[in-house]
Amino acid sequence: MSEQTAKMIIDNYVASTLALRANSQIPAAVVVDDFDAYCIERASVFLRWQNAAESLQELPLVYKAQAVRAIEQITA
């Protein structure tokens, strides 16, 4: 695996994690107004995050440390 591919996988995970967090913080009033649209969007965002998490599992060990650092930055 190339370093560029590994970076893309890590960046995708970070972006999908941030999107999932943002989706989780949508105010209840907005959710109630268009519950069906929220559910569709939530499922889409979750699926993207789940796929990104699975991709992280495929990283060679040499790139997993980079992934851990990136994850630590978004959890801080």
Side-chain angles (χ1 to χ4, degrees):
M1 175 180 294
S2 72
E3 186 169 346
Q4 182 179 10
T5 301
K7 183 169 176 13
M8 287 173 41
I9 290 170
I10 294 166
D11 289 349
N12 184 46
Y13 179 80
V14 169
S16 64
T17 298
L18 294 174
L20 185 61
R21 285 184 186 173
N23 184 267
S24 297
Q25 295 174 353
I26 294 176
V30 173
V31 172
V32 171
D33 286 344
D34 198 353
F35 186 71
D36 290 337
Y38 171 77
C39 288
I40 291 168
E41 178 67 21
R42 177 74 178 177
S44 175
V45 168
F46 179 78
L47 184 59
R48 179 178 170 216
W49 173 82
Q50 190 174 34
N51 288 337
E54 288 293 322
S55 295
L56 280 181
Q57 298 298 318
E58 302 301 319
L59 285 176
L61 187 56
V62 68
Y63 298 117
K64 286 189 179 184
Q66 292 176 18
V68 169
R69 282 193 297 275
I71 292 166
E72 285 175 345
Q73 288 179 352
I74 61 173
T75 57

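Just the heavy atoms: all of them, side chains too, but no hydrogens, waters or symmetry mates, feed the values below.
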According to a 4.5 Å side-chain heavy-atom criterion applied to Ile, Leu, Val, Met, Phe, Trp and Tyr, with indirect links allowed, do I9 and V68 form part of one hydrophobic cluster?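 No, no single cluster joins them.
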Quiz: residues 42-55 side-chain donor-acceptor pairs under 3.5 angstrom, not counting sequence neighbours:
{"unit_1": "R42", "atom_1": "NH1", "unit_2": "N23", "atom_2": "OD1", "d": "3.2"}
{"unit_1": "R42", "atom_1": "NH1", "unit_2": "S24", "atom_2": "OG", "d": "2.6"}
{"unit_1": "R42", "atom_1": "NH2", "unit_2": "S24", "atom_2": "OG", "d": "3.4"}
{"unit_1": "R48", "atom_1": "NH2", "unit_2": "N12", "atom_2": "OD1", "d": "3.4"}
{"unit_1": "W49", "atom_1": "NE1", "unit_2": "T17", "atom_2": "OG1", "d": "3.3"}
{"unit_1": "N51", "atom_1": "ND2", "unit_2": "L47", "atom_2": "O", "d": "3.4"}
{"unit_1": "S55", "atom_1": "OG", "unit_2": "N51", "atom_2": "O", "d": "3.1"}

Mind checking what makes side chain to side chain contact (heavy atoms under 4.5 Å, CB included) contact with Q4, not counting sequence neighbours?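 Side chain to side chain contact (heavy atoms under 4.5 Å, CB included) check on Q4 returns S2, M8.
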Not counting sequence neighbours, which residues clear side chain to side chain contact (heavy atoms under 4.5 Å, CB included) with V31? List them please.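 So V31 forms a side chain to side chain contact (heavy atoms under 4.5 Å, CB included) with I26, F35, Y38.
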Is there any salt bridge (charged side-chain N to carboxylate O under 4.0 Å, His left out) pair reaching into residues 11-35, and which pairs are they, with sequence neighbours excluded?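 Sorted pair list: K7-D11.
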Side-chain polar contacts of residues 57-64 - donor-acceptor pairs under 3.5 angstrom, sequence neighbours left out - could you list them?
{"unit_1": "Y63", "atom_1": "OH", "unit_2": "E3", "atom_2": "N", "d": "3.3"}

So which atom in A70 and which in I10 form the shortest heavy-atom distance, rounded to 0.1 Å?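 Reported closest heavy-atom pair: CB-CG2, 3.6 Å.
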